[in-house]
Peer 1: 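One structure, as structure tokens, below. Some questions next.
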Amino acid sequence: MEPVIIVLIILVVLVFIALIKTIQVIPQASAAIVERFGRYTRTLNAGLNIVVPFIDTIRNRIDLREQVVPFPPQPVITQDNLVVNIDTVIYYQVTDARAATYEVASYIQAIEQLTVTTLRNIIGGMDLERTLTSREEINAALRGVLDEATGKWGIRVNRVELKAIEPPTSIQDSMEKQMRADRDKRAAILQAEGVRQSEILRAEGEKQSQILRAEGEAKAAALRAEGEAQAVRTVFEAIHAGDPDQKLLSYQYLQMLPKIAEGDANKLWIVPSEIGDALKGLSGAMGNLGGLGGGSGSGGGNGGAGVPAQERREKPSID
């Protein structure tokens, strides 16, 4: 009985193993390659799949999601014979699990080597300055070549990115000095522009200030002249309204002479020619006043003293 029990146990184990090998569960976004006696049979998609145990074998399970693979820095020579190290990142996705298994031995290694050779061809036709400023152009050219080459491998390259472009240390120092010189130059230009604008604004302000000051002085002079003219006109009108005679005018003129001579700075002052006429008129007026006084005295007893007074009264009429 014991050998029978052992056989039954072995059969149960074999059936259990067969069931395990018969039922294959493939996760979502994955695929499995099935071979029968070493030959490709079919591709198992996501879900529950049944295979023939001990006859069908699963060779490879492939992830169909988009993959990101960074590649180490690669030395590349530019057109002007400078060595730069370039880091790249590849975004790819397996679209055909069968082609990715049988068309290429290792598609990751193949993509890396193809990326390096293509990158060297592209950078070899550019100088350093263009290499540093043409990342988008390099990415587009690299992606086009990789997508075309990896299509038969069942691989689709979605994106290619350059992580870093590192020129030699000496070139980096030269570039930093050049950038520092450019910044200093721009700063000096901006400072000079600021000083220039400040001087222009200051000159414009002084110009406007002088113009306004001149306009103010002109208006003040005009108003002052207008006021003086109005004052003269008022005095003239007042004089004519009072109807003064020559005697009064002569007397007022003599009163103004001391005021003209006032002040220590008046060392020399000119007597106008009209003062003679004024004095003559004043003299005549004083003579007339004296004649009138003498005439009244002669009535008291001196008749001869009144004769010169009469002559003085008549003399201005003769002249």
Side-chain angles (χ1 to χ4, degrees), residues 177-300 302 305-319:
K177 292 179 181 179
Q178 181 179 1
M179 292 175 62
R180 191 180 301 110
D182 290 339
R183 287 195 296 268
D184 294 340
K185 177 182 176 182
R186 288 195 297 268
I189 291 174
L190 291 176
Q191 185 176 1
E193 287 290 336
V195 173
R196 176 173 172 270
Q197 292 294 331
S198 176
E199 293 295 333
I200 291 174
L201 292 176
R202 186 180 297 110
E204 288 290 337
E206 293 178 355
K207 176 182 175 182
Q208 293 294 331
S209 176
Q210 292 177 0
I211 291 174
L212 294 176
R213 189 181 299 111
E215 291 178 354
E217 292 177 356
K219 290 181 179 180
L223 292 175
R224 192 180 303 111
E226 184 178 354
E228 293 177 356
Q230 184 66 28
V232 172
R233 190 179 302 112
T234 303
V235 172
F236 183 78
E237 291 176 355
I239 292 174
H240 280 275
D243 193 15
D245 55 1
Q246 184 66 26
K247 300 173 183 178
L248 178 60
L249 294 176
S250 300
Y251 180 72
Q252 291 293 330
Y253 192 83
L254 289 176
Q255 284 184 335
M256 290 300 297
L257 287 178
K259 294 184 179 180
I260 297 175
E262 287 180 356
D264 297 336
N266 296 331
K267 303 299 183 182
L268 176 64
W269 52 285
I270 299 172
V271 178
S273 60
E274 290 80 357
I275 194 172
D277 296 337
L279 292 175
K280 186 184 295 184
L282 183 61
S283 171
M286 296 299 292
N288 292 333
L289 292 175
L292 291 176
S296 60
S298 62
N302 191 3
V307 175
Q310 181 67 28
E311 290 178 357
R312 285 194 296 271
R313 286 195 300 270
E314 293 176 355
K315 187 177 181 178
S317 62
I318 294 173
D319 290 336

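Both backbone and side-chain heavy atoms feed into the values below; hydrogens, waters and symmetry mates do not.
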Peer 1: Report the distance from atom NZ of Lys177 to atom CG of Asp182, rounding to the nearest 0.5 Å.
Peer 2: 14.0 Å
Peer 1: To the nearest 0.5 Å, what is the distance between CD on Glu204 and CD on Glu206?
Peer 2: 10.5 Å
Peer 1: If you round to the nearest 0.5 Å, how far is CG of Asp184 from CZ of Arg180?
Peer 2: 8.0 Å
Peer 1: Could you measure the distance from the CZ atom of Arg183 to the CG atom of Leu190? Nearest 0.5 Å is fine.
Peer 2: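 With rounding to 0.5 Å, CZ (Arg183) is 13.5 Å from CG (Leu190).
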Peer 1: Is it the case that atom CD in Glu199 sees more than 12 heavy atoms from other parts of the structure closer than 6.0 Å?
Peer 2: yes
Peer 1: Answer whether the closest heavy-atom distance between the side chains of Gln230 and Glu226 falls below 4.5 Å.
Peer 2: no
